[in-house]
Amino acid sequence: MNEEERAAQLAAILEEIRGLTESPLYDYRTLNHYNPVLGEGSPMAEIVFIGEAPGEVEAKTGRPFVGPAGRVLDGLLADAGLTRDDIYITNVVKDRPPDNRDPRVKEVRLYAPFLWRQLAIIQPRVIVPLGRHALEFVRKHFTGFPAEGSVSTLHGTAYPAEASYGRVFIMPLYHPAVLFYREDLKEAMATDFRLLAELLANRQPAGPSA
Ligand code: URA
């Protein structure tokens with residue numbers, strides 16, 4: 001599929017989500033004049049970042065990671081020599097949960113198929129789940145990814161896995177918002193982003209460490 005075809009298919013998914021009246025988050029979106037947030041970046045990107053759900057600024061603008069967590073993410077990308085132009089970025093849940101609460105199981109189940117379709121269109125070689133909700137998504141949808149382990153044990157390593165469209169590497173990272181309450185993780189996160197940049201530059205996996 002060329003870039004235009006991919007962009008058209010992604011745009012069609014956004015329209016479906018716009019009309020998703022069965023979502024438990026639909027009324028909250030409408031009442032607050034929020035937008036659904038599908039994702040942003042090149043449909044040809046080699047790498048897709050997956051966050052949790054839009055926050056307030058994201059829901060107001062319809063763009064992912066443009067609020068406080070987005071500023072942290074931009075800093076980590078810049079330190080590693082990467083920019084948003086290098087990536088496609090999206091979330092597991094496409095509408096803002098009230099008061100930034102965790103997405104509920106029912107919401108994740110409803111929105112996950114849209115994320116799966118986005119990945120099947122973009123077909124990235126590298127997938128980066130940010131935080132535990134995105135980690136659970138990849139665990140459910142990719143074979144070969146470790147069945148056990150949390151972000152704190154799996155972060156910064158590229159795991160080979162199988163998608164319906166072929167082989168991928170999945171590198172789990174801490175969610176950027178973690179830095180709001182765990183400043184001590186700053187160095188570890190910066191190191192992870194640099195490893196990710198190396199992975200992209202070398203076209204080689206960092207490989208699971210012993
Ligand atoms: N946090 C997320 O997980 N996603 C966003 O888009 C913004 C904040």
Side-chain angles (χ1 to χ4, degrees), residues 1-18 34-96 103 111-131 133-135 137-138 141-142 158 161 163-177 189 192-203:
M1 238 191 307
N2 66 28
E3 184 164 357
E4 257 176 39
E5 287 163 344
R6 290 184 189 198
Q9 292 203 7
L10 290 169
I13 294 177
L14 176 58
E15 287 319 304
E16 272 183 60
I17 295 171
R18 221 185 277 290
Y34 287 153
N35 301 286
V37 180
L38 180 70
E40 199 168 83
S42 166
M44 308 301 280
E46 286 207 304
I47 176 166
V48 170
F49 278 60
I50 306 172
E52 178 181 317
E56 187 178 18
V57 188
E58 288 80 12
K60 279 186 172 156
T61 57
R63 300 179 57 208
F65 281 94
V66 288
R71 280 194 288 282
V72 175
L73 177 66
D74 285 340
L76 288 161
L77 287 170
D79 282 351
L82 298 170
T83 70
R84 295 247 189 158
D85 296 338
D86 300 318
I87 67 177
Y88 184 90
I89 187 158
T90 182
N91 287 299
V92 177
V93 168
K94 313 301 191 192
D95 279 298
R96 182 189 181 210
Y111 288 93
F114 295 109
L115 172 55
W116 182 246
R117 283 165 58 193
Q118 285 174 284
L119 294 173
I121 292 166
I122 301 169
Q123 307 203 350
R125 187 172 62 85
V126 179
I127 295 174
V128 179
L130 298 169
H133 291 279
L135 183 65
F137 172 87
V138 297
H141 291 83
F142 292 86
S164 52
Y165 60 82
R167 202 154 189 252
V168 297
F169 287 101
I170 299 177
M171 187 187 274
L173 297 183
Y174 284 107
H175 192 288
M189 289 169 75
D192 285 354
F193 273 74
R194 283 194 284 272
L195 286 170
L196 179 65
E198 269 173 40
L199 171 70
L200 287 172
N202 297 338
R203 310 187 129 262

Atom [atom1] in [X], atom [atom2] in [Y]: separation rounded to 0.5 Å?
| X | Y | atom1 | atom2 | value |
| --- | --- | --- | --- | --- |
| Arg63 | Glu58 | CZ | CD | 9.5 Å |
| Gln9 | Met1 | CD | CE | 4.0 Å |
| Arg71 | Asp74 | CZ | CG | 9.0 Å |
| Tyr88 | Ile121 | OH | CD1 | 8.5 Å |
| Glu15 | Ile13 | CD | CD1 | 11.5 Å |
| Lys94 | Ile17 | NZ | CD1 | 6.0 Å |

Centroid separation [X] to [Y] less than 6.0 Å:
| X | Y | answer |
| --- | --- | --- |
| Phe137 | His141 | yes |
| His175 | Phe65 | yes |
| Phe142 | Trp116 | yes |

- Task: Decide whether Asp95 and Tyr111 meet the rule of one side-chain donor and one side-chain acceptor closer than 3.5 Å.
- Result: yes

- For Ala134 and Gly51, the nearest pair of non-hydrogen atoms, with its separation, is CB-O, 4.0 Å

- Query: Which atom pair, heavy atoms only, marks the closest approach of Ile170 to Pro129?
  - Reply: CG2-CD, 3.7 Å

Below 4.5 Å, heavy atoms only, C-beta onward: do [X] and [Y] meet side chain to side chain?
| X | Y | answer |
| --- | --- | --- |
| Val128 | Ile50 | no |
| Ser42 | Glu3 | yes |
| Asp86 | Leu200 | no |
| Leu10 | Ile122 | yes |
| Pro36 | Leu14 | yes |
| Thr61 | Tyr34 | no |
| Leu76 | Met189 | yes |
| Phe193 | Leu173 | yes |

Does [X] reach the main-chain N or O of [Y] with its side chain, forming a donor-acceptor pair under 3.5 Å?
| X | Y | result |
| --- | --- | --- |
| Asn91 | Val93 | no |
| Glu16 | Ala11 | no |
| Tyr165 | Pro124 | yes |

- Query: How would you list, by chain and number, every residue that makes a salt bridge (charged side-chain N to carboxylate O under 4.0 Å, His left out) with Arg6, sequence neighbours excluded?
  - Reply: none

- Evaluate the criterion side chain to side chain contact (heavy atoms under 4.5 Å, CB included) for residue pair Val126 and Leu199; output intermediate values, then yes/no. CA-CA 9 Å; Val126 179; Leu199 171 70; 3.9 Å; yes

